Amino acid sequence: MILDTFKLDGKVAVVTGANTGLGQGMCVALAQAGAKVAGVARRSCAETAELVKANGGEFLEIIADLSSSEPVERIVKETVDKFGRADILVNNAGIIIREDAIDYSEEDWNKVIMTNQNVVFFLCQAFAKQYIKQGEGGKIVNVASMLSYQGGIRVPAYTASKSAILGLTRALANEWAKYNINVNAIAPGYMATNNTKQLRSDEQRSGEILERIPAGRWGTPEDMMGAVVFLSSSASAYVNGFTIAVDGGWLAR
Ligand code: NAD
């Protein structure tokens, strides 16, 4: 039956940036759909662990700093050691540093590109190797942005990295579909999380943004839940290399 294809019972999901915001919401969604969840974060994921458990799930906390690719192999290993396998990778961790492009420092540029782009690629590679070893395919869901499509203002490195995610998602989907690995992405619109705190506190920019969103509100972590479960499940078996916008209609305008 169709709803059964959305179920993730017996699957193991790894979500980066699991301690807060969209990552936390996606952990809860995957647990509700039946997956065991490994949450990767720099700091404790206690709140997420509680939420996952309250939703009937099992949770593994993996402490790792994704400002370099150094912890990548360990993340796969800790997941497999605990749960015996890996089936779903959600590359959610990301940073944004705002500054006029004319003054943007090389240090800030490298920080953003490293976490949002380089580490994402090496996580995809490491998990794809694990999926190939297991021989049953797997799912990768990257988190893109409206700035995968648009230029943005005062966030040149973020825009470059999120535009790269859209292309990388296509590139990896092409190479790995033959292994039954689906690589797709979700492009959130303007969501009320830490990532947009600064933006939301600027009354003028905040008003301009809200006025342009057809749905008339900022998005929430709950808004990501349907898309992440779909792209993590066999319901999306023939969806490859696509980025789904969850944006209240922002891109449609
Ligand atoms: P957030 O700032 O609350 O979450 C970012 C997450 O990434 C946090 O869990 C943080 O701990 C983690 N992270 C950052 N640097 C890390 C590092 N070095 N090592 C380990 N973890 C690290 O904001 P969010 O909105 O929940 O962002 C989640 C994702 O969604 C990000 O990739 C962000 O770019 C993307 N996104 C957010 C919006 C939005 O409007 N909020 C829009 C489009 C895309």
Side-chain angles (χ1 to χ4, degrees), residues 14-29 37-49 51 61-72 74-75 89-98 108 110-124 140-150 152-153 155 157-166 168-169 185-202 205-206 209-210 212-213 215 217-225 227-228 243-248 250-251:
V14 178
V15 179
T16 67
N19 55 314
T20 177
L22 305 184
Q24 184 174 75
M26 290 192 282
C27 286
V28 172
V37 179
V40 181
R42 276 170 298 187
R43 294 180 283 280
S44 161
C45 290
E47 194 182 278
T48 307
L51 286 169
E61 177 177 274
I62 301 178
I63 300 290
D65 183 352
L66 300 177
S67 60
S68 86
S69 57
E70 181 275 326
V72 165
R74 178 171 61 82
I75 292 168
L89 168 68
V90 181
N91 276 309
N92 165 76
I95 56 170
I96 190 160
I97 301 178
R98 297 175 196 279
D108 285 349
N110 288 338
K111 265 192 209 162
V112 174
I113 297 292
M114 183 57 84
T115 298
N116 291 11
Q117 181 177 327
N118 296 7
V119 174
V120 168
F121 171 71
F122 287 107
L123 278 166
C124 289
I140 296 176
V141 182
N142 294 321
V143 176
S145 167
M146 294 297 95
L147 301 191
S148 304
Y149 306 92
Q150 301 177 319
I153 299 168
V155 285
Y158 186 83
T159 302
S161 67
K162 292 297 186 179
S163 298
I165 289 302
L166 192 142
L168 180 65
T169 297
I186 302 172
Y190 286 82
M191 318 297 271
T193 67
N194 294 336
N195 176 287
T196 52
K197 211 177 202 166
Q198 210 176 331
L199 208 51
R200 283 178 292 123
S201 66
D202 177 338
R205 282 285 289 138
S206 174
I209 287 167
L210 201 53
R212 195 192 176 285
I213 302 172
R217 64 171 178 87
W218 290 74
T220 66
E222 288 71 32
D223 289 315
M224 298 288 284
M225 292 172 85
V228 77
T243 299
I244 296 180
V246 174
D247 66 349
W250 177 273
L251 287 180

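Atom set for the values below is all heavy atoms of this structure, side chains included, hydrogens, waters and symmetry mates excluded. Position 1 is the first residue of the sequence; numbering continues from there. Only a predicted model underlies this, so the values are computations on that prediction, with no experimental measurement involved. When a ligand or atom number is given, it counts from 1 through the structure's own listing order.
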Could you tell me if the side chain of [Y] sits less than 4.5 Å from the side chain of [X], heavy atoms only?
{"X": "Ile95", "Y": "Asn116", "value": "yes"}
{"X": "Leu22", "Y": "Thr193", "value": "yes"}
{"X": "Val246", "Y": "Pro188", "value": "no"}
{"X": "Leu66", "Y": "Ile75", "value": "yes"}
{"X": "Arg98", "Y": "Leu199", "value": "yes"}
{"X": "Leu210", "Y": "Tyr190", "value": "no"}
{"X": "Val141", "Y": "Met26", "value": "no"}

Candidate with minimal heavy-atom separation from [atom], of [options]:
{"atom": "atom 5 (C) of ligand 1", "options": "Gly94, Ala93, Cys45, Gly17", "value": "Gly94"}
{"atom": "atom 19 (N) of ligand 1", "options": "Val119, Asn92, Leu66", "value": "Leu66"}
{"atom": "atom 1 (P) of ligand 1", "options": "Asn194, Val90, Leu147", "value": "Asn194"}
{"atom": "atom 38 (C) of ligand 1", "options": "Asn116, Ile96, Asn195, Ile62", "value": "Asn195"}

Just jot down the ligand 1 atoms closer than 4.0 angstrom to any heavy atom of [X], in number order.
{"X": "Gly189", "value": "38 (C), 39 (C), 40 (O), 42 (C), 43 (C)"}
{"X": "Val143", "value": "29 (C), 30 (O), 35 (C)"}
{"X": "Ala64", "value": "19 (N), 20 (C)"}
{"X": "Asp65", "value": "17 (C), 18 (N), 19 (N)"}
{"X": "Pro188", "value": "42 (C), 43 (C), 44 (C)"}
{"X": "Tyr190", "value": "40 (O)"}
{"X": "Gly21", "value": "26 (O)"}
{"X": "Ile95", "value": "14 (C), 15 (N)"}

Q: List the steps and the verdict of side chain to side chain contact (heavy atoms under 4.5 Å, CB included) for Cys124 and Asn91.
A: CA-CA 8 Å; Cys124 289; Asn91 276 309; 3.5 Å; yes
Between [X] and ligand 1, does any nitrogen or oxygen pair lie at a separation below 3.5 Å?
{"X": "Thr193", "value": "yes"}
{"X": "Leu22", "value": "yes"}
{"X": "Arg43", "value": "no"}
{"X": "Ser145", "value": "no"}
{"X": "Met146", "value": "no"}

Checking heavy atoms under 4.0 Å, the part of Ala144 that sits near ligand 1 is backbone
State whether a side-chain donor-acceptor pair under 3.5 Å links Ser67 with Asp65.
yes
Margin query: Using a 6.0 Å cut-off, check whether atom CD of Gln150 has over 12 heavy atoms from anything other than its own residue.
Written below: yes
Is the closest heavy-atom distance from Gly25 to ligand 1 below 4.0 Å? no
| field | ligand 1 contacted by Trp218 (non-hydrogen, < 4.0 Å) | value | no
If you scan protein heavy atoms around atom 10 (C) of ligand 1, the nearest is Arg42 NH2, 3.6 Å
